[in-house]
K.L.:
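Have a look at this one before I ask anything.
Below, chain A is the first sequence line, B the second, and so on; all start at residue 1.
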Protein chains: 2
Amino acid sequence: MGINAVFEALSHPVRREILQLLRGGPMSAGALAEHFTLSKPTLSVHFAKLKEAELVAVKRQGTSLIYHLNMSILEEALSGLMSLRETKS
Amino acid sequence: MGINAVFEALSHPVRREILQLLRGGPMSAGALAEHFTLSKPTLSVHFAKLKEAELVAVKRQGTSLIYHLNMSILEEALSGLMSLRETKS
DNA sequence: GCCTTATTTAGACATCACTCTAATTAGAGT
DNA sequence: ACTCTAATTAGAGTGATGTCTAAATAAGGC
């Protein structure tokens, strides 16, 4: 949990692309899956990791699950990275 | 190579802590290793991944290898993350 | 050249990550 | 209740990652 899961989630290119796609707005699991050649179960695992890291949140709409970005965690990762920058001496 | 290796390298807590330690300035492999309970060979593998991602660079000084941060790649990762932020609509 | 110090490379092993197909759950409509 | 669509969970295979101990490489000093 925490920042660890966030960096872990960001380490896979497919998951970063999922986030990229969600930048434009919320999307269903199926709509997201269409952008990849991977099987839906495989994508589902990637969704789960992004969700575990709280980089995305999900809401059910009828039979569809709609994923959307969780900005605050992205900002957190961002500031985590920024804190790695050298201390200007 | 590229941004992929960078996020991959950042995904392990030990490697992020190595970067954290290097914020204060260059350090030898041995000096870095003292901050961890892991064996030196294990740390050496972590150094190699950071080096492969070009997050750090290394310079020999006598028998010691001195590691230091490579700012430009960190900035690159930072901007990569920033690009994942939602498009302000 | 040999010894010491510093660090990496090699080899082995265990665990974890990614992917697939098949089966299951969940909701909506008839 | 049955069926259709949407998505996840289960199980299995393969390959990558992280860790160790032991051996090898590199530089410096005697």
K.L.:
It should be established whether B:Thr42 places a side-chain nitrogen or oxygen under 4.0 Å from OP1 or OP2 of nucleotide D:dC20.
P.N.:
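For B:Thr42, the contact criterion (side-chain N or O under 4.0 Å from OP1 or OP2 of D:dC20) is met.
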K.L.:
How is A:Lys49 classified with respect to the nucleic acid when contacts are heavy atoms under 4.0 Å: base, sugar-phosphate, or nothing?
P.N.:
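A:Lys49: backbone/sugar contact only, no base atoms under 4.0 Å.
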K.L.:
Return the value, rounded to whole Å, for the distance between atom CG of B:Asn4 and atom P of C:dC18.
P.N.:
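To the nearest whole Å, that distance equals 12 Å.
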K.L.:
Report the distance from atom OH of A:Tyr67 to atom C1' of D:dA7, rounded to the nearest whole Å.
P.N.:
8 Å
K.L.:
Rounded to whole angstrom units, what separation is found between the NE2 atom of A:His12 and the P atom of D:dA16?
P.N.:
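Those two atoms, NE2 and P, are 12 Å apart.
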K.L.:
Between atom CD in A:Glu52 and atom P in C:dC16, what is the gap in whole Å?
P.N.:
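My rounded result for the distance is 13 Å.
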K.L.:
On DNA chain D, compare the nucleotides closest to A:Leu43 and B:Gly62; which residue's is nearer the 5' end?
P.N.:
A:Leu43
K.L.:
Please assess A:Leu81 against A:Phe7 for the test side-chain contact (heavy atoms from CB on, under 4.5 Å), listing each intermediate value before the final yes or no.
P.N.:
CA-CA 10 Å; A:Leu81 251 194; A:Phe7 278 108; 4.1 Å; yes
K.L.:
When you group the ILVMFWY residues by side-chain heavy-atom contacts below 4.5 Å and let the links chain together, are B:Phe36 and B:Val45 in the same group?
P.N.:
no
K.L.:
Of the options D:dG28, C:dA28, D:dA22, whose atoms approach the side-chain atoms of B:Thr63 most closely?
P.N.:
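Among D:dG28, C:dA28, D:dA22, the one nearest the side chain of B:Thr63 is D:dG28.
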K.L.:
Let me spell it out: for each of A:Arg60 and A:Pro41, pick the nucleotide of DNA chain C with the closest heavy atom. Which residue's pick is nearer the 5' end?
P.N.:
A:Pro41
K.L.:
Would you mind reading off the distance between B:His46 atom NE2 and C:dT7 atom P, rounded to a whole angstrom?
P.N.:
17 Å
K.L.:
Write down the distance between CZ (B:Arg16) and P (D:dG18), rounded to a whole number of angstrom.
P.N.:
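To the nearest whole Å, that distance equals 12 Å.
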K.L.:
Could you tell me how far apart B:Lys40 (NZ) and C:dA6 (P) are, to the nearest whole angstrom?
P.N.:
7 Å
K.L.:
So which nucleotide does C:dT30 pair with, by the Watson-Crick or G-U wobble rule with both distances under 3.5 Å?
P.N.:
D:dA1
K.L.:
Assess the residue pair A:Asn70 and A:Leu55 against the criterion (side-chain contact (heavy atoms from CB on, under 4.5 Å)); give the C-alpha distance rounded to whole Å, side-chain angles, the decisive distance to 0.1 Å, and a yes or no.
P.N.:
CA-CA 5 Å; A:Asn70 180 355; A:Leu55 280 162; 5.8 Å; no
K.L.:
Given C:dT21, C:dT7, D:dA7, which nucleotide is nearest the side-chain atoms of B:Ser28?
P.N.:
C:dT7
K.L.:
Going from CZ on B:Arg23 to CD on B:Gln20, what distance comes out if it is rounded to the nearest 0.5 angstrom?
P.N.:
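Spacing of CZ (B:Arg23) from CD (B:Gln20) equals 5.0 Å.
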K.L.:
How close or far is atom C1' of C:dC18 from atom CZ of A:Phe36, stated in whole angstroms?
P.N.:
14 Å
K.L.:
Tell me what B:Ser64 touches on the nucleic acid: a base, only sugar-phosphate, or nothing, going by heavy atoms under 4.0 Å.
P.N.:
sugar-phosphate
K.L.:
Compare all side-chain heavy atoms of B:Val56 with those of B:His68 and state whether any distance is below 4.5 angstrom.
P.N.:
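Answer no - side chains too far apart.
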